[in-house]
**Q** 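There's a structure below that I have some questions on.
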Amino acid sequence: MPGNHRRGASFREAKPIAVLGLGHVGLPTALGLAELGWQVIGADDMAGKVAQLEAGRAPFYEPKIQDLLVKHLASGRFRPTADVESAIAASKVLFVCVGTPQRHSGAPDFGQIEAVARTIARNLNGYKLIVEKSTAPASTAERIKQTIQRYARQDPPAHSRNGRGIPGGKAPGRHPVARFDVASNPEFLQEGKAVENFFHPDRIVIGVESDEARELLEEIYRPLKCPMVVTDLATAELIKHSANAFLSTKISFINMIADLCEAVGADVENVARGLGLDPRIGPHFLSAGVGFGGYCFPKDLRALIHLAEEHDISCGILREVENVNRGRVEVFLDKLRHALWVVQGKTIGVLGLAFQPLTDDIREAPSLRIIEELLKEGANVRLYDPQAMPNVRKLFPEERERIAYCDSAAAVASGAHAVLLVTEWDEFRKLDWAKLRPQMEVPVVVDGRNLLDPSAMCAAGFEYFSVGRPSRQSAFAMAANRRR
Ligand code: UDX
């Protein structure tokens, strides 16, 4: 992590930075800035979360975040608070990291962003730079600006209503609005790697409308020494949505190719390797599997589709990315149905519930639809994930026989007619699979992330199925099938 060398003493000395919203974007951002040497106030209106943070406990699992939290509570460079207004009043640069949930239609719900803009308007006690970091469709920053302008004019700053700050405690009514700028600075943090991504960004994107805003953001991020894209507000916002839509497209593309590989007997891993060696394509995000999930890709894709359709721009390509992704779970479960013939009454082990490794996040995780489908088909499920089980329990409470939570990956195999690999946690790769086979009722493994080595699984006597690769069955299994 970069050293916290001192720079631009004036700004650094004068005022702290406020980060508004301490979720999966705000907390890594706040602690990252503290590690860079900035004084940071982290504000969130969820008092319970703030109390947890003050007690030195991170509200979600993310590698390295707990250490950073403890370190900067101790260094005094990170102060969590539920008093959003004071945090705003005390700061010059405000990173807006509140949620942008989505309506069913795909339309973004701007409620939280609009509310924080009105709170900022009430606390404009001097020049402020408002930095939109929440993922929001193009033109949101413009809306934030309009909202602050509108509400700022109405009342004197909240902190002056008691007469302090503005000489003579002016009566309510039209008041000069303090200068402010709105900037857009999208984040590209991946869950499970957020702290790493913060300190080693591929690029920093800033959408600004003044030199003052540009200089402040350049100073804040200078220690990171990475390429900076300086542009306008709407372009910066669109870079974020396009980036996620493009990465989603790569994933749906390779998943479509994986199905083709199965049809013609090819191997998608080698296809991906052959593609990825071309720098125009690149090797990343070409891992075929059960599809993408999480809070970002599905939502950002829907938001971009919504934005495009709002402007009558044909976006069939994005709709197809969604369709391919939506179909992955069925393609995956068909492998199981093919292997077991009848799923009803069987015990199915599920390894991996989080939408990806190194997080406890299950939002739009493929595992949820897989569990739902298996239960609907009358199977019993044995579930395990290193981090995400508490979150899944809230949706699928333990139920004798039908839904069991195991305390280890190996325990999932006990009495199972098949084991499904849904999230590519490293510990699953390291499992002693040969030892697991005798515990299983039927040695069927369906690998939805191509995590395991087909020939090793075959040698260990498994009927092994994966994605876009020729399925491998041991001689024993083939003989068993012939007898079936
Ligand atoms: C994503 C973006 O990567 C990040 O830049 C942005 O800020 C937020 O959204 P995140 O959703 O946390 O981050 O995870 P990411 O690692 O991008 O994976 C997204 C989904 O794609 C996961 O479900 C993952 O399993 C899946 N995926 C990823 C694939 O199926 N195949 C791949 O090759 C890569």
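Just follow the structure's listing: the first ligand is 1, and inside any ligand the first atom is 1.
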**Q** Among all protein heavy atoms, pick the one closest to atom 8 (C) of ligand 1 and tell me residue, atom and distance.
**A**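 Nearest neighbour among protein heavy atoms for atom 8 (C) of ligand 1, to 0.1 Å: Cys296 SG, 3.3 Å.
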**Q** Within a radius of less than 6.0 Å around CZ of Arg363, do more than 12 heavy atoms belonging to other residues, nucleotides or ligands occur?
**A**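 Correct, the count exceeds 12.
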**Q** Considering heavy atoms of the protein only, find what lies nearest to atom 33 (O) of ligand 1 and give residue, atom and distance to 0.1 Å.
**A**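 Result for atom 33 (O) of ligand 1: Ser287 N, 2.8 Å.
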**Q** In ligand 1, which numbered atoms sit nearer than 4.0 Å to a non-hydrogen atom of Leu286?
**A**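 Listed by number with element: 33 (O).
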**Q** Nearest protein heavy-atom contact for atom 34 (C) of ligand 1: which residue, which atom, what distance?
**A**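 Minimum-distance protein heavy atom for atom 34 (C) of ligand 1 reads Phe285 CD2, 3.4 Å.
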**Q** Which residue supplies the protein heavy atom nearest to atom 16 (O) of ligand 1, what is that atom called, and how far is it?
**A**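 Protein heavy atom with the smallest distance to atom 16 (O) of ligand 1: Gln190 NE2, 2.7 Å.
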**Q** Which atoms of ligand 1 have any heavy atom of Phe292 under 4.0 Å away?
**A**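 Matching atoms, with element in brackets: 20 (C), 21 (O), 23 (O), 26 (C).
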**Q** Do His24 and Tyr295 have their ring centres less than 6.0 Å from each other?
**A**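 No; Tyr295 has its ring centre 6.0 Å or more from that of His24.
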**Q** What are the atoms of ligand 1, with element, lying closer than 4.0 Å to any heavy atom of Lys240?
**A**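 That gives atoms 6 (C), 7 (O) of ligand 1.
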**Q** Enumerate the atoms of ligand 1 whose separation from the nearest heavy atom of Arg449 is less than 4.0 angstrom.
**A**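 It comes down to these atoms of ligand 1: 25 (O), 30 (O).
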**Q** When you compare ligand 1 with Gly294, is there at least one nitrogen or oxygen pair between them that comes in under 3.5 angstrom?
**A**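 No, there is no polar N/O contact under 3.5 Å.
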**Q** Kindly confirm or rule out a cation-pi arrangement of Arg203 over Phe188, judged by NZ or CZ under 6.0 Å from the six-membered ring centre and within 45° of its axis?
**A**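 Judged by the rule (NZ or CZ under 6.0 Å from the ring centre, within 45° of its axis), Arg203 counts as positioned above Phe188.
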**Q** Tell me, please, which residues at least two apart from Tyr221 pass ring-ring contact (aromatic ring centres under 6.0 Å, His included).
**A**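 For Tyr221, no residue satisfies ring-ring contact (aromatic ring centres under 6.0 Å, His included) once neighbours in sequence are set aside.
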**Q** Could you name each residue pair satisfying ring-ring contact (aromatic ring centres under 6.0 Å, His included) that touches residues 264-284, not counting sequence neighbours?
**A**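 Residue pairs with at least one partner in residues 264-284: there are none.
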**Q** Could you check Arg302, Lys299, Arg326 and say which one makes a salt bridge (Lys or Arg N to Asp or Glu O under 4.0 Å) with Glu364?
**A**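 Among the candidates, only Arg302 passes.
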**Q** Please report which non-hydrogen protein atom sits nearest to atom 29 (C) of ligand 1, along with the residue it belongs to and the distance in Å to one decimal place.
**A**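 It is Ile251 CD1, 3.6 Å.
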